[in-house]
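Just the heavy atoms: all of them, side chains too, but no hydrogens, waters or symmetry mates, feed the values below.
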Amino acid sequence: GVGMNGAVPGSGAVRGSLEADKGRAVAALDGAWGDSYDITACEGGFEAVRKRRPRITLTAETPDGLARAMLKDQGLR
């Protein structure tokens with residue numbers, strides 16, 4: 001069968017689309033938080049490394065989860 005995005009399941013096109021979504025999410029997070037964190041997509045989700053010391057790494061499965069972790073880290077939650 002063909003998925004909703006026109007890709008055949010298990011075909012790599014789905015993976016490419018997910019990677020593109022991760023890239024857009026990283027760009028959005030970086031736009032909001034890039035002055036304070038180095039943000040990347042990683043296996044299993046997203047991570048942000050605090051630029052100031054102590055340099056800690058925050059991880060989350062979703063962009064929203066990472067944003068919440070950064071808010072908490074900044075004392076804004």
Side-chain angles (χ1 to χ4, degrees):
V2 175
M4 289 179 58
N5 64 356
V8 176
S11 74
V14 170
R15 173 173 215 152
S17 139
L18 293 175
E19 292 303 316
D21 288 345
K22 275 189 164 183
R24 285 190 289 274
V26 167
L29 288 166
D30 192 57
W33 293 95
D35 289 344
S36 300
Y37 298 90
D38 290 319
I39 300 166
T40 58
C42 61
E43 183 142 351
F46 301 86
E47 72 176 24
V49 178
R50 189 193 302 151
K51 290 182 177 180
R52 65 176 168 77
R53 297 197 183 275
R55 289 181 57 88
I56 62 164
T57 301
L58 306 170
T59 60
E61 292 180 3
T62 66
D64 287 341
L66 188 60
R68 283 191 300 274
M70 290 184 287
L71 282 169
K72 186 176 178 183
D73 182 53
Q74 296 289 316
L76 300 175
R77 181 171 180 240

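Within the structure, side chain to side chain donor-acceptor pair (under 3.5 Å) contacts touching residues 54-65 (residues at least two apart or in different chains) do not occur.
The hydrophobic cluster containing L71 also contains V26, counting ILVMFWY residues as joined when their side-chain heavy atoms lie under 4.5 angstrom apart, directly or transitively.
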Determine all donor-acceptor pairs shorter than 3.5 Å in which one atom belongs to a side chain in residues 27-42; sequence neighbours excluded.
residue : atom : partner : partner atom : Å
Y37     : OH   : D73     : OD2          : 2.4
Y37     : OH   : Q74     : NE2          : 2.9

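Looking at residues two or more places apart in sequence or on another chain, you find a side chain to side chain contact (heavy atoms under 4.5 Å, CB included) between A25 and F46, P63.
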